[in-house]
Amino acid sequence: MLNTIQTTFSNIKSNKQTFLVSIATITVAFSILGLFLVIFVNLNTFLMTWSKQVQLIVYLEDKITGDQKQGLEKLISINSDVESMTFVSKEAAWQGFKNTFSGNSEVIEDLEFNPLPSSYSLKFKPADDRFLRIRQFADLLSKRPGVESLEYGERWLGAFEKFMVFIRIFLLAVGSLLAIGLTLIISNTIKLSYYSRQDEIELMLLIGATPRYVKIPFLIEGLLQGLTGGIAALALIKAIQLYIRYQFQGSLESIARGIEFQYIPQSMILTVLATSVFIGWLGSFISIRQFLHVERK
Amino acid sequence: MIQLFNVSKTYGGVTPALIDITFSIKKGEFIFLTGPSGAGKTTLLKILFGAEVFDRGQVLVHGMNIGKIPERRLYSLRRKIGVVFQDYKLLARKSVFENVAFAQEVIGADRKRIRYKTWEALKNVGLTHKKDFFPPQLSGGEQQRVAIARALVNSPRVILADEPTGNLDPEISLEILKLFERTKQKGVTIIFATHNQEMIRSRNHRVVVLNRGMLVSQ
Ligand SMILES: Nc1ncnc2c1ncn2[C@@H]1O[C@H](COP(=O)(O)OP(=O)(O)OP(=O)(O)O)[C@@H](O)[C@H]1O
Ligand SMILES: [Mg+2]
């Protein structure tokens, strides 16, 4: 074991420059990916914060019948996306309106009839395609008799949600391409590391080393490259995130209270590290498979 | 026990390096393998430790059928064999001591044993005083003795020595020959390839002669 680690480090030492360049490349690639991730995470939180406030308000006609009302309530209660439903009667709406605008009370109290409709206000459970579901449900409700009109929050949030789906696909595509590129880079570094010690490895095999004994230091070397690159990238992104937070926290607060520029969540940090280690291992595995075939001519 | 049956081998070209070779060597036997340059001595030795494939025939070493051993299990054959390579194959980046110890390391011996065995092997070839030198700082003969020490350090059952005294003066050659003969006394099978007819005549060992890939006498 100790021996294996020594061999790994002497491998790295005899091939230092390529090793470092390889790590730098991995760092840069993972930083790019990580920055996209940070942007994605923050946009997503932003979207979530806003969409918590989104509700679908169903305004009812004054002449709605009890049957029609029951039908509506049934329809709403069987929709599993709906989190809660509150009925606001004409009177309650009027009271609320008057409370809000108490300053202008002379004008309002002059009105001798109540101009506000009664309504249901629906909250929805969080879901990735929440807006699509709200829109579809709104379309359905609007065709019901007794429904005067519908209103659901900021429509632009719907477009924003679509954009997030696009970003997700984009991240996946960029991520896969970078992963393939990195695997090739690491496999190339390992190949160079092998060539710099080819005589030694051939001798090892000739005097009775097992193929596994020869392979393991290279696997560790690849793994180390991936891990070091991954950690360096995470640190770099952290620095960028802190910078943005201190520079722009004020302007973020002005857009939405309580929002702050976040780092990648813990679970994703682990995913990034696991991926980088795996890519390192895969890269060296690929090149080891190639060069251990020269054992017997 | 080493047995060869009708072994033939051709490298890329047209002229075969070995033609229909059949002979056997008993366990604990010492044989000289000789013949002019290009006769096929090195090729024969390479086949015996699985460093070169052959086209036809059967080769058995200590009951192992060489042609049938898969690459990933060749190490079990090679651990029974100590090879003195004709071109030494010393690692220039490692010291004399490290070069010899290397043969122990790669088969996973523990540190204490490595130190003791390496020292003993260097003592046998008279090179303890050069243990911290690097191969490029040694004379040809000294390098050759490092290669011999490395072949002996694992106490192999078989020793394949390819021109182990080619670069040594008569006095040291005799010392090395005696070292191999002492090793033979412990039951080790030895194939000693050499051009040195004088050395062959001075001893009573069996002689296998190759010429242009053919077995001339044994
Ligand atoms: N790797 C190779 N590729 C092609 N031909 C080879 C190779 N190795 C050896 N040969 C040829 O095979 C023949 C036998 O070579 P080999 O090295 O076995 O001879 P040898 O008896 O060891 O000679 P020497 O006494 O000079 O060491 C030679 O004609 C040589 O040119
Ligand atoms: Mg030869």
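Sequence lines set the chain letters: A, B, ... in the order given, protein chains first and strands last, and positions in each chain run from 1.
- For NZ of B:Lys26, the number of neighbouring non-hydrogen atoms (other residues, nucleotides, ligands) closer than 6.0 Å is 12 at most.
- Residue B:Lys80: no heavy atom, backbone or side chain, is found under 4.5 Å from chain A.
- Within the 4.5 Å cutoff, no side-chain heavy atoms of B:Tyr75 are placed close to those of A:Leu205.
- Residues of residues 105-114 of chain B lying under 4.5 angstrom from chain A, judged on non-hydrogen atoms, are B:Glu105, B:Val106, B:Ile107, B:Arg111 by number.
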Applying side chain to side chain contact (heavy atoms under 4.5 Å, CB included) to A:Met204 and B:Leu91, what does each step give before you reach the verdict?
CA-CA 11 Å; A:Met204 282 162 92; B:Leu91 301 171; over 6 Å; no
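- Atom CD of B:Gln185 is surrounded by more than 12 heavy atoms from other residues, nucleotides or ligands within 6.0 Å.
- By the 6.0 Å contact criterion, CZ on A:Phe163 is open, its count of non-hydrogen atoms from other residues, nucleotides or ligands being 12 or less.
- Two residues are said to be in side-chain contact when any heavy atoms from C-beta on lie closer than 4.5 Å; B:Val83 and A:Ile207 fail this criterion.
- By the neighbour-count criterion of 12 heavy atoms within 6.0 Å, atom CD of A:Gln266 is sparsely surrounded, having that number or fewer from other residues, nucleotides or ligands.
- Each of B:Arg79, B:Arg72, B:Arg78 was evaluated against A:Thr210; a single residue qualifies, B:Arg79, per the side-chain contact (heavy atoms from CB on, under 4.5 Å) test.
- Taking CG of A:Leu206 as the start and NZ of B:Lys89 as the end, the distance is 6.5 Å to the nearest 0.5 Å.
- When side chains are defined from C-beta on, B:Arg93 counts as touching A:Glu200, because their heavy atoms get closer than 4.5 Å.
- Interface remark: B:Arg73 contributes no atoms to any contact with chain A (heavy atom separation under 4.5 Å).
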